[in-house]
Amino acid sequence: MHTIKDDRLRQLVTAIFAKAGCNAEEAGLIGRRLTDANLVGHDSHGVVRVPAYVRWLGEGKVKANQHAKVVAESDGFAIIDGQRGFGQVIGGEAMDIGIAKAKKVGVAMIGLRHAHHLGRIGDWAEHCAALGIISVHFVNGVHLGWIVAPFGGMQRRMTTNPFCCGMPVEGGEPIILDMATSKVAEGKVQVARNKGVEVPPGCLITSTGEETRDPNALYADPPGALQAFGDHKGYGLAVFCDLIAGALSGGGCNHDGYANTGSVLNNMTSFLIDPRRVVDANAANSEVTQFVDWLKSSAPREANGEVLVPGEPERRTRATRRAEGIPIDDTTWGNLVTCARDIG
Ligand code: NAD
């Protein structure tokens, strides 16, 4: 295990993408966003992705130096084509377009299609919340094949379709819910497989539909599938992520009309609200803070336990890792170093 300070890691990743053909601003954004995912504890969406991103860049599956292209708009909405550009750039540009609209008319919808991997979706909710904007994001992924089975089904039909919401808190920290709709991320199954341990119950089924805790089932031939969290309810949310992200943005829902290109494109439909334009923002903020206090007044069920609100675990991990450095496992570090050497 290696422990690296976040600014050093960011510099390394930025340097790799600058060598790979991204301009300085884009390379810096990719370095910042990937490192940030590790900082908050979502290692599956951090620097572990660097070698694949670089490979996909070489194969033309992600394109350097692209920008969000508005293809249709009114005061209250925009449909944006990400042009296969890096999600780390396109995601922020799309949110800035939506934030400007929300500030003007109160509520805005942004249908973003054909962005390359958008990474940790919480980035976009945090970006909005920092500017006082409430946001709701529905996301799907297309062109990388499927991994999640529909509730009651055996075969894979969806991606891990993340859902995310952010609520700014005046004078406090934002509340950020950011989650895959699968019970666990695929990366966690890979880790369990590498360690030779079982996955938690309810995560996986075999290709013939039996529940299993054996991570190898996901990589068998024919492969098993991940399950949505929360049985039919989580499945229902996953369905709406695909519908709202895919159909409304024009980027497409998951079905066999799309070829597996071996590289993901994310679609994300976001609803952005400027509370100052639609309600008494001070009263709304007071309700938010009273509600959080109320939740936290519930006695913990476990000794030394604590009631947290969404976003708090990430904030705590960020503080710890910023102070102590980011732990990077040997395989990930080895791959990063090889990637850096190969690219010069
Ligand atoms: P997770 O299960 O670790 O966390 C989900 C949410 O639960 C977070 O908002 C977290 O703050 C909250 N939470 C966790 N513990 C809590 C507690 N004790 N009390 C209150 N709230 C708590 O996240 P995940 O589902 O494994 O997702 C990991 C990341 O993967 C996310 O950033 C997501 O956006 C990303 N992702 C991206 C894609 C993509 O296609 N770009 C696909 C899937 C997932």
Side-chain angles (χ1 to χ4, degrees), residues 30 33-46 48-49 52-53 56 62 82 86-88 90-91 94 112-127 129 135-148 158-167 173-192 199-200 202-203 226-230 234 237-238 241-242 245-246 249 251 254 263-270 291-292 295-296 298 300-302 304-319:
I30 301 169
R33 295 291 181 200
L34 292 184
T35 304
D36 212 56
N38 288 93
L39 254 189
V40 300
H42 291 302
D43 297 338
S44 59
H45 286 71
V48 68
R49 305 271 177 166
Y53 280 14
W56 288 334
V62 52
F86 278 98
Q88 289 74 15
I90 304 290
L112 170 61
R113 65 193 188 207
H114 305 150
H116 197 258
H117 193 233
L118 287 164
R120 186 176 81 91
I121 306 303
D123 274 341
W124 315 122
E126 286 175 6
H127 181 78
S135 65
V136 182
H137 312 261
F138 297 84
V139 183
N140 77 348
V142 287
H143 297 285
L144 190 57
W146 309 285
I147 195 146
V148 178
M158 297 181 290
T159 56
T160 52
N161 295 2
F163 175 74
C164 180
C165 307
M167 172 68 82
E173 299 290 354
I175 303 163
I176 307 285
L177 173 67
D178 173 28
M179 58 180 218
T181 48
S182 52
K183 172 120 180 171
V184 290
E186 194 217 340
K188 291 183 181 153
V189 181
Q190 272 179 23
V191 170
V199 295
C203 296
L226 290 174
Q227 301 205 79
F229 79 95
L237 185 57
C241 285
D242 231 297
S249 72
N254 275 295
S263 173
V264 73
L265 287 181
N266 272 144
N267 304 308
M268 173 167 77
T269 296
S270 306
F291 178 55
V292 171
L295 294 173
K296 286 179 168 286
S298 174
R301 287 171 63 198
E302 290 176 15
N304 303 321
E306 193 181 358
V307 173
L308 304 175
V309 291
E312 265 190 299
E314 286 79 4
R315 218 159 27 244
R316 288 182 181 188
T317 307
R318 186 196 295 276

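Worth knowing before you read on, the calculation uses all heavy atoms, side chains too, and leaves out hydrogens, waters and symmetry mates. Every number for a ligand or one of its atoms is a count from 1 in the order of the listing. Everything quoted here is computed from the prediction, not taken from an experiment.
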State whether the side chain of Asn266 and the backbone N or O of Leu118 hold a donor-acceptor pair below 3.5 Å, judged by distance alone.
yes
Taking Ser182's backbone N and O only, do any of them form a donor-acceptor pair with Thr160's side chain (distance below 3.5 Å, no angle check)?
no
Of the non-hydrogen atoms in [X] and [Y], which two are nearest, and what is the gap between them?
X      : Y      : answer
Gly251 : Val142 : O-CG2, 4.2 Å
Leu112 : Ala94  : CD2-CB, 4.1 Å
His45  : Ala37  : O-CB, 3.2 Å
Val199 : Ala192 : CG1-CB, 3.8 Å

salt_bridge(Glu126, Arg120) N-O dist < 4.0 Å
yes
Do the charged groups of Glu173 and Arg318 touch, with an N to O distance under 4.0 Å?
no
Identify the closest protein heavy atom to [atom]: which residue and atom is it, and at what distance?
atom                    : result
atom 37 (C) of ligand 1 : His45 NE2, 3.0 Å
atom 14 (C) of ligand 1 : Pro313 CG, 3.8 Å
atom 40 (O) of ligand 1 : Asn266 ND2, 3.2 Å
atom 31 (C) of ligand 1 : Asp178 OD2, 3.2 Å
atom 28 (C) of ligand 1 : His42 ND1, 3.5 Å
atom 7 (O) of ligand 1  : Leu177 CD1, 4.3 Å
atom 20 (C) of ligand 1 : Leu308 O, 3.5 Å
atom 12 (C) of ligand 1 : Pro310 CA, 4.3 Å

For Trp56 together with His117, are the ring centres under 6.0 Å from each other?
no
Say whether Val139 and ligand 1 are in contact under the criterion: heavy-atom distance to a ligand atom below 4.0 Å.
no
Are Gly119 and ligand 1 in contact, using a heavy-atom cut-off of under 4.0 Å?
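The answer is yes: ligand 1 sits under 4.0 Å from a heavy atom of Gly119.
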Take Asn267 and Phe138, measure what side chain to side chain contact (heavy atoms under 4.5 Å, CB included) needs, and give me the verdict at the end.
CA-CA 8 Å; Asn267 304 308; Phe138 297 84; over 6 Å; no
Below 4.0 Å, non-hydrogen atoms only: which portion of [X] touches ligand 1? Side chain, backbone, both or neither.
X      : answer
Met179 : both
Asn161 : neither
Arg120 : both

Before you tell me yes or no, could you show the steps for Gln88 and Tyr53 under side chain to side chain contact (heavy atoms under 4.5 Å, CB included), namely the whole-Å CA-CA distance, both residues' side-chain angles and the distance that decides it to 0.1 Å?
CA-CA 12 Å; Gln88 289 74 15; Tyr53 280 14; 3.1 Å; yes
Under the side chain to side chain contact (heavy atoms under 4.5 Å, CB included) rule, what do Leu237 and Met179 come out as? Steps first, then yes or no, please.
CA-CA 11 Å; Leu237 185 57; Met179 58 180 218; 3.7 Å; yes
Ligand-residue contact atoms, ligand 1 with [X], heavy atoms, under 4.0 Å:
X      : answer
Pro162 : 37 (C), 38 (C), 39 (C), 42 (C), 43 (C)
Ile176 : 9 (O)
Glu314 : 8 (C), 10 (C), 11 (O)
Lys188 : 26 (O)
Gly311 : 11 (O)
His117 : 39 (C), 41 (N)
Ala180 : 24 (P), 25 (O), 27 (O), 43 (C), 44 (C)
Ile121 : 34 (O), 41 (N)

Which residue from Leu295, Leu265, Thr160 reaches closest to atom 42 (C) of ligand 1 through any of its heavy atoms?
Thr160
Could you go through Asn140 and Cys241, starting from their C-alpha distance and side-chain angles, then the distance that decides it, and tell me whether this counts as side chain to side chain contact (heavy atoms under 4.5 Å, CB included)?
CA-CA 6 Å; Asn140 77 348; Cys241 285; 5.5 Å; no
Will you find, in the side chains of His127 and Ser135, an N or O donor that is under 3.5 Å from an N or O acceptor?
no
Looking at atom 9 (O) of ligand 1, would you say a protein heavy atom lies below 4.0 Å from it?
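Yes, there is one.
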